[in-house]
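Down below is the structure, laid out as structure tokens.
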Amino acid sequence: VVAASVGGFAGLSNAGLIGSFVATASTGATTQTASQVVDVSGVASLIDAGAASWNLRALVQARALGAAVDLADVIVEEVDGAGVVLTSERLTDPSRPSSVYDWDGIDETRAVTAGTRTITVTLWGTRNSGSSSDGFWDNVELAIVPAPGATGLALVAGLAAMRRHR
């Protein structure tokens, strides 16, 4: 995590979207990662009924100097209760103009695969030139979005579960 003075507000409609600090892979190994595991088992009935999606939003900045590009990717993995990865989606900075430090927004929604019990979000930085990785992330968030009308399904599933516990 570094101060947000990394610059480059091109690509943002509002520079205030950048927080006081941003995440970066920085110096060290060529590839560096940071992960968060999100437990979604509380909405398993919605997921298994095909009535839930995940939405990932993030600000990313990959930097290109000539042909070399330091990458700032976000990987979303759906994992079942036994720890088996069901799906893996790699989201990349869609714009990497040379010598322009621009932020781009990622806003992706996908149906959650039946059987998913955790979702792992990994920030994946890759250095392809220089001594530090110039890939940055900010405001990373994951939300589970019920399908329209799924709230009724969740309520029915919740009432059935409460009834069994009496």
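In this text, all values refer to a predicted model and were calculated from it rather than measured experimentally. All values below were derived from every heavy atom in this structure, side-chain atoms included, with hydrogens, water molecules and symmetry-related copies excluded.
Within the 3.5 Å criterion, the main-chain N or O of A62 finds a donor-acceptor partner in the side chain of D93.
Side-chain contact check for Q61 and W137: no donor-acceptor pair (N or O, by modelled atom type) lies under 3.5 Å. A side-chain donor-acceptor contact under 3.5 Å links T109 and N55.
Using a 4.5 Å cut-off between side-chain heavy atoms of Ile, Leu, Val, Met, Phe, Trp and Tyr, with links allowed through other members, W124 and V74 fall into different hydrophobic clusters. Hydrophobic cluster membership differs between F136 and V69, with clusters built from Ile, Leu, Val, Met, Phe, Trp and Tyr side chains linked at under 4.5 angstrom. In the hydrophobic clustering of this structure, L86 does not group with I144; members are Ile, Leu, Val, Met, Phe, Trp, Tyr whose side-chain heavy atoms approach within less than 4.5 Å, directly or through other members. Taking hydrophobic clusters as Ile, Leu, Val, Met, Phe, Trp and Tyr residues chained together by side-chain heavy-atom distances below 4.5 Å, V76 shares a cluster with V38.
Across all non-hydrogen atoms, the minimal contact from A111 to S53 is CA-OG, 3.7 Å. Taking both residues in full, the closest heavy atoms of I47 and G115 are given as CG2-N, 4.2 Å, listed atom of the first, atom of the second, then distance. In terms of heavy atoms, T113 sits closest to T116 at O-OG1, 2.7 Å.
When each of V121, L59, V60, I106 is tested with V140 by the rule side-chain contact (heavy atoms from CB on, under 4.5 Å), just one qualifies, namely V121. Screening D138, D107, D104 for a salt bridge (Lys or Arg N to Asp or Glu O under 4.0 Å) with R57, the sole residue that qualifies is D107.
Note that the OG1 atom of T87 and the CH2 atom of W54 stand 7.5 Å from one another [nearest 0.5 Å]. Once rounded to the nearest 0.5 Å, the distance linking CD of E108 with CD of E89 reads 6.5 Å. Atom CG of L123 and atom CD of Q32 lie 11.5 Å apart (nearest 0.5 Å). Note: L71 CG to N128 CG = 5.5 Å, rounded to the nearest 0.5 Å. Between atom OG1 of residue T126 and atom CG of residue D73 there is a gap of 6.0 Å, rounded to the nearest 0.5 Å. Residue L56 holds its CG atom at 11.5 Å from CD1 of I75, rounded to the nearest 0.5 Å.
R117 and D48 are joined by a salt bridge, as a carboxylate oxygen and a charged side-chain nitrogen come within less than 4.0 angstrom of each other. One finds no salt bridge joining R127 and D70 here, because no Lys/Arg side-chain nitrogen approaches an Asp/Glu carboxylate oxygen to under 4.0 Å.
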* To do: Show your working on side chain to side chain contact (heavy atoms under 4.5 Å, CB included) between I119 and V79 and close with a plain yes or no.
  => CA-CA 6 Å; I119 296 177; V79 182; over 6 Å; no
